Each structure stands twice: as structure tokens, then as C-alpha cells.
4 protein chains.
Amino acid sequence: MAPPSNPRSRPSQPAIPAGRASQPAIAGARRVVSDKREAILDAALALFVERGFWGTAVPEIADRAGVGAGTIYRYFDSKEALVNAIYRGQKMRFSAGVLDDFPASANTREQFRTIWMRMARFASANVPAFIFLELHHHASYLDAESRAVEQRMLDIITAVVTAAQARRELKAGDPRLLMGLVLGAFIGVIRSCLDVGQTPADADWAFAEQCIWEAIRS
Amino acid sequence: MAPPSNPRSRPSQPAIPAGRASQPAIAGARRVVSDKREAILDAALALFVERGFWGTAVPEIADRAGVGAGTIYRYFDSKEALVNAIYRGQKMRFSAGVLDDFPASANTREQFRTIWMRMARFASANVPAFIFLELHHHASYLDAESRAVEQRMLDIITAVVTAAQARRELKAGDPRLLMGLVLGAFIGVIRSCLDVGQTPADADWAFAEQCIWEAIRS
Amino acid sequence: MAPPSNPRSRPSQPAIPAGRASQPAIAGARRVVSDKREAILDAALALFVERGFWGTAVPEIADRAGVGAGTIYRYFDSKEALVNAIYRGQKMRFSAGVLDDFPASANTREQFRTIWMRMARFASANVPAFIFLELHHHASYLDAESRAVEQRMLDIITAVVTAAQARRELKAGDPRLLMGLVLGAFIGVIRSCLDVGQTPADADWAFAEQCIWEAIRS
Amino acid sequence: MAPPSNPRSRPSQPAIPAGRASQPAIAGARRVVSDKREAILDAALALFVERGFWGTAVPEIADRAGVGAGTIYRYFDSKEALVNAIYRGQKMRFSAGVLDDFPASANTREQFRTIWMRMARFASANVPAFIFLELHHHASYLDAESRAVEQRMLDIITAVVTAAQARRELKAGDPRLLMGLVLGAFIGVIRSCLDVGQTPADADWAFAEQCIWEAIRS
DNA sequence: CATGAATGAGTATTCATTCAT
DNA sequence: CATGAATGAATACTCATTCAT
């Protein structure tokens, strides 16, 4: 559809290891490119959350990112490619935040608490990103690869759940149902707070975690 | 400049007694006018679910409804008026389906089961309508009246929850949080099934109901 | 382009000979038709003056005339045919009002005063009609016949002017120029009053008449 | 939502010193942008005269100007903004052409001749522009600023007329009436020529000037 | 590489006209 | 004859995308 295509494979990687921003010549030149890509992703994420995918014009994204409209098309093939890049990037951050160093050998109670509180940490620290992931969940412009990223996380958790069920520490039944129930409840908690303009407090998260644990424990 | 104004003979008719759509002769003749309105509402609901509000073009709705594009504007002032009419109509059907003849004097366990299973019945029988209500929850094009319809249902349920908490039959805590958790779990259950192309079976609903009851009971 | 086509040749004839509106049976039936035609012409004239040709919707005309939208097409082939019928009708009324019983044998001073004051009488008594004729002068939707009606009046006056020039009672020169100057001045006088929401008083008309006479007399 | 706003480098540039449009090299390069704006204004002026404001479709203007339809909206916020820009621009050119270096100390005969012949010069050299100003005089889509431009010119001339009346060099009476009469006659002269496809010759203008002077002198 | 002016296909909406009743 | 619901072509305007600079 369009020319250059994504010049950097790095999928958005937020937390730039601060503290070594001061580096000379060549590194600086290399950064310029990435900074633009980063700026575009950030601007687009914010605008997609504020106004939705269809409500956001590409030139607006360019303005907010401080680049020319044409520049966006040097980094992304299309507006859809852009939204998919954001989706994949954030979903992978979310996935990493929840599953990295997963306490595979802990008991189920501990594992559940870990997952829940990590999700809570991510959602609280990245409200726009989390809203974005929710809003765009199953949107018609998400492509197969984006759905695959989603699926990968699901597969991992499914394995965890199945193992826990095998240990009789979770209710028996379709793992999909159980996971849907848990993720749905999690989103419901956030929504109930955002609807009144707040973010759930730590106590809220802990309370909800206890509730849902009681829902799923055997 | 404005069209001859909405004939609006029936504003979407909540809670059609499903199962006896077959009625004879004369009633059919009287229907002709309303049938177009109904066809537009149905077509729009389906397309809004498939592609979203902004992703659906008005002529597409007209095509699917089997009417001319201009005809839509004889029944609805604008695309936004149309989506609001659908939202209000379905929300009221949903609300009626859940809250009519509510067993106010039953115990909390019974009340919860009633609400949950009624929601399940509506969602299963009206999958597109339920998805529509979820997708368009808090969309920017919903007007004040549509939000009011939503709020009315919320208020009623809040009262039920608060009363149950007062009786110590539900966990203490912000009713909003509890309700968000329950509704979120409910949606999560549906999503987990739709994602694999199915609708939750009665057994699934009953299982999930038991889970969530354990989450919220004191 | 369209079906029935104008069922009555009578081109708008306003001043219905009042005083014999009370007539029995058959005449009454015949009147009904004409009344609708009349009502349509009146409503259209008023709306075209208020909002212009393009700014007026056919159903609006029907509403104001108290008939169905389709009815207009029983009397006029199209919106353009309607505006042309009005134009021709009013132009002929104007022409008749100015030229009927023209004092062919009077001196030029008297003839000029006659023409001017008759034009003034028509314009004052039929402000909307006069504005209509001015607004639609040379509009792109006027057809050849409408222009011919205009031309006929011009030809008659040209003859009068030429005769007066032959008698050396008017300045020599192209009669067209002289007539354009006079008619233009007449319209300018009306405009200058309408711009401030008034109609020229008799004294204004007389004053202007004297001015223009001095402009054209030899 | 709104376009990046009008670059508006020159708001139609009144009174281009005709006769030296030929300037070299670099200036040409700088022109490129404005040339599109100019082309749009020219095309729109011509079409508005031919078919009227409502009778002219925006894509037609784009075609005639040799630009894309969307391009018009880079230079003008809307079709109405476009017609207002033309009106203001031409009215200011007209005003400047008539009133710049006005011989304030000359006698009334000389002042009148100056105004009349300057108007004639403008109208002859810019027939479409003059017709445009006439046709769109008091049109509903003209905004307050456009009307203000018109009013400014009127005020100046009113002062001149009042002063001349005070010197007893013009007939006494409402200045508005006198001015309407003169401007009307001027337009009438042009119309009488355009109706037969010509432009008034210098001799015609001089003849008419003498006529109207006799109409208004005391 | 970066830009942003230019584009034209696509959008929601209007309205002259038709035709079944 | 009269109607007005229905139509679809036409309108003004937007915006993702391109490409000359």
C-alpha cells in the first residue's frame, strides 16, 4: 500500500533507561529517528483514547507529535498499521508486566494475587494504555497479528489455570470461562471507578482481588 | 430545512412478546409504516455491532434495511439520533427484562440469581443487542436522555445492593465497585464464549452465577 | 420530464373579481382547482422572495399553500416551471398596469409621468411581486418565454421613447440606454427605501420622477 | 476538525496595479501558493455570476480553477467564506478605485463626474466583478464584515452628498434617495448594454453622466 | 529523510420528483 | 384528483494518503 515501512522493529519500548540520555554523536543521530516514532505512537495513543480511532485525524496525530503529516507514513504504512502497532506494543508491555518472572512454583492463591496485583499496577500506572487496550479490544481494524499477541498471553494463562485446576485449587470447569470471568471483573472494577473520574485505590484492588479469589477457588 | 419531523408512531417498542410475531391480516396492513422504521433499527443495530458507529455508512444501513438512503431521515433526524434511538430502545428492553416484577421481598441469594439469570436470558436471546449496549456504553454520541435511561437502571440496582449490604448478606464496601465487578464478570463470561463463536450454555450461566455469588456474599 | 402538465392556461390572474364568490354547484367545483393553483403561486412567490429560489424547498411551498407536495406537480411540470409561471404572470400584471390605456396622444412630459407613477403604484401595492421580478431578473432558470414577456413590454416602451425623441422632447441617443437609465433609477429609489425597511412615499416618487424627467428631457 | 486554517497570505489584494503583472523569476516562485487561491477566487467569481451562489457546486469551482475539490477548503473555511472573500475583495477594489485620492476640494460637478467615470472605468474593466457585486448585494450569505465594507463606502459618499447639498449644488432631499437614484441609473445603463451583449462605450458613459447630473443638480 | 500542500474518494444529509394509495 | 411516503442523485465538506520539494 505504501512506501518505506517500519524502519525499526523495536515495538515501542517505553521506559527508556533514563540516566544515559547523554551520549555523543552517532547514538544521538540514531535516536532522532526513534524519537519521532515514539512521539507518533504516544500522540496517537492519547488521541485514540480521547476521541477514538475514527474520530482522530492523522494530521492531528502529526500535530500533537510535532512532526509533519507525511512523516507518519515513513514509520507506518497506514492509520490502521499505526493503531495495530500501538495495540501490539501495549499488549506486549501489559503481558510482560504481568507474566515476566511469573512465580511458577508458588501456590495458586499466591499466583492469582500476583497476576491480579500486577494487572492492577499496570492499569493504574498506564491508565490511557489500559483504556486503549480495552476500547480497541476486537475492533474491526485490528489485524491477525494483533489478535495473535492477545492470544499468546491467553495461552500462557490458560496453562497456569489448567495446572491449578489439576491441583484442585481452582474450581473445575472451562478455563476460558473462569478467565473471562476474572478479566471481566477486573475491567468492571476499573470502569466503575473511571465512570466517576477516579482510579481504583490499592485497597479497592485488594478488596476486589479477595472477592474474585472467592469466586474461583475450589 | 428540517425534515417533516419524525412520525415516531412507536419509539422502538420495548419488550416485544417474543414468540407470537405471527398475527393476522389487518394488523399487517397497519404495520407497513412502522416496518420501515423497524427495518432501519434492525439493520443499524447489526452494522453498528459489526463495524462500529463511525465505521458504518448511512447508505449501508439503508441498503441492509432495504430502503432508500433518504428514507432514514424521515424516521430519524440524524445518524446520531438513530444510534440513540437504538440505545434507548434496547436499554429499556434490557432494563424491563431484568427488573420487571423484581422479587423485592426475596432473600439476597434469590435476588442475585434472578438478576443474573434474567440478564443471561436477555443476553443469550439478544446477543447483538447486548453487544451493542456494551460497545456503545459511554460513547460520545450518546445524548443526555440515553444516559438517563442507563442511570435509571443503575439507581434501582444500587438501591437493591445497598439494602442487601444493610442486611449483611453482601460484602460491605462501595456498591459501585461491587456492581462493576459483577457486571464486568458477566460481560467477561459472554466475551469468553463469543471469542470462540459460541453463546454461553445455561450450565455456564449457572456456574458463573455461583462463582460470582461467592465473590460478593458476605 | 413529468406527467399531467399544466391543466389551466390562465397564467395566475390575481385580482379575483371579488363579490361573486358565492355561486352554486358547478362553478364551485371548477373553482376548487383554480384555488389550489392560486394558492401555490401565492405561497411560492412569498417564499421565493423570503428565501430565494434555491433556498425554498417544494414541500415548503406545498405546506404554505395548504396542499400536498405532489399536488404542485399536477399544476406545474417542475419547480422551474413554477417560478417561470410566477415570473410571467407578475410581469404581465406589471406590464398591463403600466401600459393599459396608455395616453398615446398626450405630450411626452405627461406620458413619462404616467408611466413612472403607474410603475410606482404597482411597486407600492405589490412590493413582494416587484421584488420578485427584480430578484429573478435574468436568473438562469428563467426560460425563453419568460424573457419574451419581458421583451414585449420593452418593445412597446421603446416605440414610445423613439417617437418622443423624434418630436425632440427627449434627449437623442440610444433609446435602450435612456430606458435602462430610467428603469435603473426607479429600482434604485425602491432599493434605497427597502434597505431601511420602508416603502417610498408618494412625495418620494414625485420627487424622483421630477429628477429623472430632468435627466432625459431634451 | 477545522482545517489548518486559512494561510491567507494576501486577502485578495485590492487594486492590483494593472499593466505590470509581468515580474521576473523569484517572485514567480513565491507566487505558486497564492496562485491557487487566486485561481479559486477567479473561478468562483465567474461561476457565481453565471449561475448564482446556490446554483454553483463547489466541485464545479474546483474544476474551473484547475484544483482538487478539497483544496478549496485549505484556503476557505466554507463556500460562504469563499463568497464573502470575493465580495469583500471586489468591494474594496471598487471602493478604492472610486474613492482613492478623491478630489475633496473640487466643485460638485467635478466630484460627480469623477465618481461616475471612475465607477464606469471599474465596471467596464471588471464586468464580472461588478455584476457579482450587484447580484450579491444584500444576499443572505454575506456576513457582518462584508456588510461593513459596503457600509463604509456608503458612509463616505453620503458625507460628500450632504456637503454638496449644504452648498446648494445638489437638489435638497434625502441623500439616500438621491444616491439610490444615481447608483440605480448607473446599473441600469450597464444592464441595458449587457442585455445586448455589449459594454457601454465611453461616449455612453459620458452621455449618461450628463443626464444624471441634470437629474440631481439643484 | 522530512515535510505539508494537494488530492479525490468517501461521508452525512437534503430535496425535487414520483407513484401507490 | 390529491396525497405524502419514499426515493436516490446531488450537495458541501472531510481526511487518509501521496509526492514534489
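Since this is a predicted model, take the numbers as computed values, not measurements. Below, read A as the first sequence line, B as the second, and so on, with proteins coming before strands; counting in each chain starts at 1.
The distance from atom CZ of C:Arg51 to atom P of E:dT14 is 14 Å, rounded to the nearest whole Å. One interatomic measurement links the two molecules: CZ of C:Phe53 to P of E:dC15, which rounds to 13 Å at whole-angstrom precision. In this structure, CD of D:Glu60 is placed 18 Å from P of F:dA9, rounded to the nearest angstrom. At whole-Å resolution of the value, CD1 in A:Ile61 and C1' in F:dT17 are 13 Å apart. Look at NZ on A:Lys36: it is 11 Å from P on E:dC1, rounded to the nearest Å. One atom, CD1 of D:Ile72, and another, P of E:dT7, lie 10 Å apart when rounded to the nearest Å. A:Tyr73 has its OH atom 18 Å from the P atom of E:dA6, to the nearest Å. Rounded to whole angstrom, the span from the CG atom of B:Asp63 across to the P atom of E:dT11 amounts to 12 Å.
The residue C:Ala69 sits close to a base: some heavy atom pair falls under 4.0 Å. Residue-level contact check: D:Val58 touches the backbone only, with heavy atoms under 4.0 Å from sugar-phosphate atoms and none from bases.
Each of A:Gly66 and B:Trp54 lies near DNA chain E, and the nucleotide nearest A:Gly66 is the one positioned closer to the 5' end. Comparing B:Gly68 and D:Glu80 against DNA chain F, the residue whose closest nucleotide sits nearer the 5' end is B:Gly68. Nearer the 5' end of DNA chain E, as judged by each residue's closest nucleotide, is the contact made by A:Gly70, out of A:Gly70 and C:Pro59.
Proximity of B:Asp63 to B:Glu60: side-chain heavy atoms (C-beta onward) are nowhere separated by under 4.5 Å.
A close approach under 4.0 Å does occur between a side-chain nitrogen or oxygen of B:Arg74 and OP1 or OP2 of F:dA5. Close to E:dA2, at under 4.0 Å from its OP1 or OP2, lies a side-chain N or O of A:Tyr75.
Between atom CG of residue B:Asp77 and atom CD1 of residue B:Ile72 there is a gap of 13.0 Å, rounded to the nearest 0.5 Å.
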Intra- and inter-strand pairing of DNA chain E, written as dot-bracket with Watson-Crick and G-U pairs under 3.5 Å and | for the latter, reads .||||||||||||||||||||
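Nearest nucleotide to the side chain of D:Ala57, out of F:dT7, E:dA6, F:dT11: F:dT11. When the nucleotides F:dC13, F:dT7, F:dT3 are ranked by their closest atom to the side chain of C:Thr71, F:dT3 comes out on top. Nearest nucleotide to the side chain of B:Lys79, out of E:dT3, F:dA6, E:dT13: E:dT13.
Classification of A:Asp143 and A:Arg88 as a salt-bridged pair holds, one side-chain N sitting under 4.0 Å from a carboxylate O.
Across C:Ile131, C:Leu135, C:Ile61, a single residue satisfies side-chain contact (heavy atoms from CB on, under 4.5 Å) together with C:Phe48, and that is C:Ile61.
Relative to the ring axis of D:Tyr75, D:Lys36 does not place its NZ or CZ within 45° and under 6.0 Å from the centre.
Counting only N and O atoms by type, the side chains of B:His136 and B:Tyr141 include a donor and acceptor under 3.5 Å apart.
Scanning both residues, B:Ser146 and B:Asn84, for their nearest heavy atoms gives OG-OD1, 2.7 Å.
Considering only residues two or more places apart in sequence or on other chains, D:Arg147 meets the salt bridge (Lys or Arg N to Asp or Glu O under 4.0 Å) condition with none of them.
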